[in-house]
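Residue numbering restarts at 1 for every chain, and letters A, B, ... go by the order of the sequence lines.
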Amino acid sequence: MSNLTIVELFRELADWLELAGEDGFRIRAYQNAARALQDQSEDLGKLAAQGGVKALKQLDGIGEGTAKKIVEFLDTGQIAALEAQRAKFPPGLRDLLRVPEFGPKKVAAVWHELGVDSVDSLEAVAKEGKLAALKGFGKKTEENVLKNLQLFRRSRGRTTLPEAAELAASVVAALQRAAPGVTVQPAGSLRRGKETIGDLDFLVATDDAAPIMQAFVSLPEVKEVLAHGPTKSSVLTVGDLQMDLRAVPPASLGAALQYFTGSKEHNVAVRERAVRRGLSLNEYAVTRIADGSPVASATEAEVYAAVGLPWIPPELRENRGELALADAGELPQLIEVDDLRGDLHCHSTWTDGKLSIAEMAAAARARGYDYMALTDHSKALAMTGGLDEQRLLTQVEEITELNRLLAPFRILTGIEVDILRDGSLDLDEAVLDQLDFVIASIHSNFKLARSEMTTRMIRAVENPVVDLIAHPTGRVLGQREPYELDVGALIAAAAHAGTMLEINANHRLDLNDLHARAARDAGVTLVINTDAHSAKDFASMKFGVLTARRAGLSKHEVLNTLSLTELLDRLGRE
DNA sequence: GCCGTTTTCGGCCCGACTGTTTTCAGTCG
């Protein structure tokens with residue numbers, strides 16, 4: 001069983017309590033608990049088996065109540081408190097909470113007054129005009145419900161970081177053209193480098209916001225204007241992504257940036273800290289509660305300083321312990337894109353890449369890299385023209401030739417060898433042993449049971465010829481879910497065997513931020529690679545670095561920040 | 001329900017916008 005099963009139970013419990021109109025703080029406590037459990041890479045079943053309620057209570061946000069419920073679920077397969085709530089409501093009611101502009105109060109109202117118990121029945125009563133007659137509802141609400149229901153049905157969920165970053169760049173450029181001299185800055189989860197983005201937040205510091213607000217709601221990407229006020233506008237793009245633009249006076253830029261960058265959880269924690277110091281924090285300034293006098297507002301550093309903290313990098317602002325680190329002066333020096341000296345996962349036309357080995361090397365050099373590893377696929381991936389032992393050895397000869405021409409730049413010989421169903425490798429290990437860098441990864445038999453997949457993976461991890469496991473969980477952002485795998489067990493095995501794990505930067509972000517952090521904490525060395533199949537793919541390195549930064553990684557914890565000499569030494573090659 | 005530089009009780013972040021209202025509730029982030 002995965003931790004997510006338990007996470008989902010507490011989310012559900014929080015939803016029912018909201019509908020029941022229970023105390024908001026209790027609801028928030030359950031939501032916080034769900035989030036804390038989601039952040040936990042250690043298997044909860046294992047943790048509970050070893051330390052029981054006491055061990056679970058050690059986790060931030062988990063107290064006596066939730067710890068006991070977790071144990072109850074592990075022991076009996078259900079949670080009595082949750083079952084009691086389930087009995088009170090029709091199951092479809094939870095879906096209604098996901099309809100935009102429909103919160104617990106409105107859902108409860110339509111259920112009690114009109115017997116609405118599903119998205120379909122909500123649509124029906126709205127079409128019949130019964131909704132407008134309800135107290136607190138009106139004609140406009142009814143129209144919006146019908147629109148929002150369409151959106152709800154169509155919604156693709158969250159957009160991936162790379163897609164969102166591209167859209168944001170074009171929006172910023174367009175707004176800058178419309179209002180020259182005014183700085184437009186993306187905030188929100190994009191600035192924090194989150195792997196998926198629910199909506200885009202932009203911030204502009206100006207005393208004259210009307211023109212830029214107008215430009216924003218008139219962008220060609222905009223399908224619908226949701227709100228258009230003097231300091232805030234919201235729009236829906238043709239791709240059904242919501243974008244918000246907020247305007248603040250220039251003197252408030254720091255407070256506003258801090259506020260709109262979030263995360264919400266981080267901000268709540270910062271504001272709680274402010275209150276303890278007799279300060280209040282909003283998007284305009286930090287003020288003294290006693291007399292309302294301003295303390296800070298112009299820069300983010302000032303805002304954090306006002307609550308006794310150093311500036312915290314946006315990627316760490318998730319309330320996952322960064323405040324405690326900042327307080328202790330122990331924030332990590334986070335890795336930066338310029339720290340990378342090479343890319344150790346690249347393909348060529350020998351398999352499914354778009355460029356020759358020489359062209360890929362030229363592109364890597366053009367980025368300022370000192371080295372790259374050429375790691376084409378192995379023969380099991382027939383559709384890519386995967387290499388067999390003979391072709392691989394021929395490729396090595398070509399690379400050796402190229403290296404004579406390219407020195408001091410160096411192409412490391414390598415392979416991305418398939419991990420077969422039983423955990424063995426797709427190529428003769430005696431041949432693999434001759435390569436500079438051996439990556440192993442899974443491209444088939446995704447549907448194995450969790451235990452079988454974990455055993456398969458660990459066998460590859462423990463194979464002494466394997467240097468790195470690439471995209472360890474197999475997910476592709478927005479396209480493919482990870483396969484069933486005990487990532488905690490994988491990390492432990494990798495730490496024990498000295499095998500490295502990848503943060504794959506190209507549309508995978510795999511490992512993700514939390515797994516990468518857990519791997520680092522276990523003593524595993526990480527490698528950030530783009531899995532480049534073309535020259536432009538190298539550019540996705542920045543997303544891998546963002547993920548590493550969210551994991552709290554420093555330069556020295558990532559292999560491909562080493563110089564060529566250090567790298568070869570580390571790999572035991574010349 | 002959780003938590004503690006106000007520590008086992010009594011707090012728990014803050015504001016904009018919309019749509020419904022005659023002063024505010026609900027939702028969102």
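- With distances taken from any side-chain atom of A:Arg246 to the nucleotides B:dG1, B:dC12, B:dA16, the minimum falls on B:dA16.
- Look at A:Arg317 and A:Glu300 and you find a salt bridge, because one of the NZ, NE, NH1 or NH2 atoms lies within 4.0 Å of a carboxylate O, short of that distance.
- Using atom P as the reference point in both B:dA16 and B:dC9, the two lie 38 Å apart (nearest Å).
- OP1 or OP2 of B:dC2 has at least one side-chain nitrogen or oxygen of A:Thr66 nearer than 4.0 Å.
- Note: CZ (A:Arg277) to P (B:dG11) measures 21 Å, nearest angstrom.
- The distance between atom CG of A:Asp23 and atom C1' of B:dC12, rounded to the nearest whole Å, is 9 Å.
- With a 3.5 Å ceiling on both atom-pair distances, B:dT8 lacks any Watson-Crick or G-U wobble partner.
- Residue A:Asp60 is classed as a sugar-phosphate contact, given heavy-atom separations below 4.0 Å to backbone atoms only.
- A gap of 27 Å separates the P atoms of B:dG15 and B:dT21, to the nearest Å.
- Looking at heavy-atom distances under 4.0 Å, A:Ile27 makes no contact with the nucleic acid at all.
- Salt-bridge formation is detected for the pair A:Glu123/A:Lys127: a Lys NZ or Arg NE/NH1/NH2 atom is positioned less than 4.0 Å from an Asp or Glu carboxylate oxygen.
- The residue A:Asn32 sits apart from the nucleic acid: no heavy atom pair falls under 4.0 Å.
- Around CD of A:Glu166, the count of heavy atoms belonging to other residues, nucleotides or ligands within 6.0 Å does not exceed 12.
- Between A:Arg550 and A:Glu195 no salt bridge is recorded (no basic side-chain N to carboxylate O distance below 4.0 Å).
- In this structure, the nucleotide among B:dG29, B:dC14, B:dC2 sitting nearest to the side chain of A:Asp201 is B:dG29.
- Here B:dG29 is the nucleotide among B:dG1, B:dG29, B:dT27 with the atom lying nearest to any side-chain atom of A:Asp244.
- Of the candidates B:dC14, B:dG29, B:dT20, the closest approach to any side-chain atom of A:Asn282 belongs to B:dC14.
- Nearest nucleotide to the A:Tyr284 side chain, out of B:dG15, B:dG19, B:dG1: B:dG15.
- Using a 4.0 Å heavy-atom criterion, one finds that A:Lys106 contacts the sugar-phosphate atoms exclusively.
- Taking atom P on both B:dT7 and B:dG1, the two are 23 Å apart, rounded to the nearest angstrom.
- A salt bridge links A:Arg98 and A:Asp15; the closest N-O separation between the charged side-chain nitrogens and carboxylate oxygens is under 4.0 Å.
- When every heavy atom of A:Glu557 is checked against every heavy atom of A:Gly552, the shortest pair comes out as OE1-O, 4.1 Å.
- Nucleotide B:dG1 holds its P atom 11 Å from the CZ atom of A:Phe10, rounded to whole Å.
- When heavy atoms are screened at a 4.0 angstrom cut-off, A:Lys57 is found touching no nucleic acid atom at all.
- The side chain of A:Gln242 has B:dG29 as its nearest neighbour among B:dG19, B:dA16, B:dG29.
- At the phosphate of B:dA16, neither OP1 nor OP2 sits under 4.0 Å from any side-chain N or O atom of A:Tyr259.
- A salt bridge between A:Lys69 and A:Glu72 is absent, with no side-chain N of the basic residue lying under 4.0 Å from a carboxylate O of the acidic one.
- Within the nucleic acid shown, A:Lys139 comes within 4.0 Å of sugar-phosphate atoms alone, with no base atom in reach, counting heavy atoms only.
- When distances are taken from the side chain of A:Phe25 to each of B:dG29, B:dG19, B:dC12, the shortest belongs to B:dC12.
- Following rounding to the nearest Å, A:Phe260 (CZ) and B:dG15 (P) show an atom-to-atom distance of 11 Å.
- In this structure, the nucleotide among B:dA16, B:dC17, B:dG1 sitting nearest to the side chain of A:Glu283 is B:dA16.
- The nearest whole Å value for the distance from the NZ atom in A:Lys140 to the C1' atom in B:dT21 is 16 Å.
- With rounding to whole Å, A:Gln58 atom CD is found 14 Å from B:dC3 atom C1'.
- Atom CZ of A:Arg98 and atom P of B:dC28 are 10 Å apart (whole Å).
- Separation of the P atoms belonging to B:dT20 and B:dA25 is 16 Å when rounded to the nearest angstrom.
- A:Ser234 comes within 4.0 angstrom of no nucleic acid atom, judged by non-hydrogen atoms across all strands.
- Nearest-nucleotide assignment on DNA chain B puts the 5′-proximal partner with A:Asn267, out of A:Glu101 and A:Asn267.
- Atom C1' of B:dT5 sits at a distance of 16 Å from the matching atom of B:dG11, rounded to the whole Å.
- A residue-by-residue look at A:Leu279 and A:Lys232 shows that A:Leu279 has its nearest nucleotide of DNA chain B further toward the 5' end.
- A straight line from CD of A:Glu18 to P of B:dT27 spans 9 Å, rounded to a whole angstrom.
- The 12-atom threshold is exceeded at CG of A:Asp521, counting heavy atoms of other residues, nucleotides or ligands nearer than 6.0 Å.
- For the C1' atoms, the distance from B:dT8 to B:dC14 is 29 Å, rounded to whole Å.
- Nucleic acid contact for A:Gly188: none, since no nucleic acid atom lies under 4.0 Å from a heavy atom of the residue.
- Residue A:Lys264 places no side-chain N or O under 4.0 Å from the OP1 or OP2 atom of B:dC28.
- Residue contacts for A:His228: at a heavy-atom cut-off of 4.0 Å it reaches the sugar-phosphate backbone alone, with no base atom in range.
- Here A:Thr231 reaches the OP1 or OP2 of B:dC17: one of its side-chain N or O atoms lies under 4.0 Å away.
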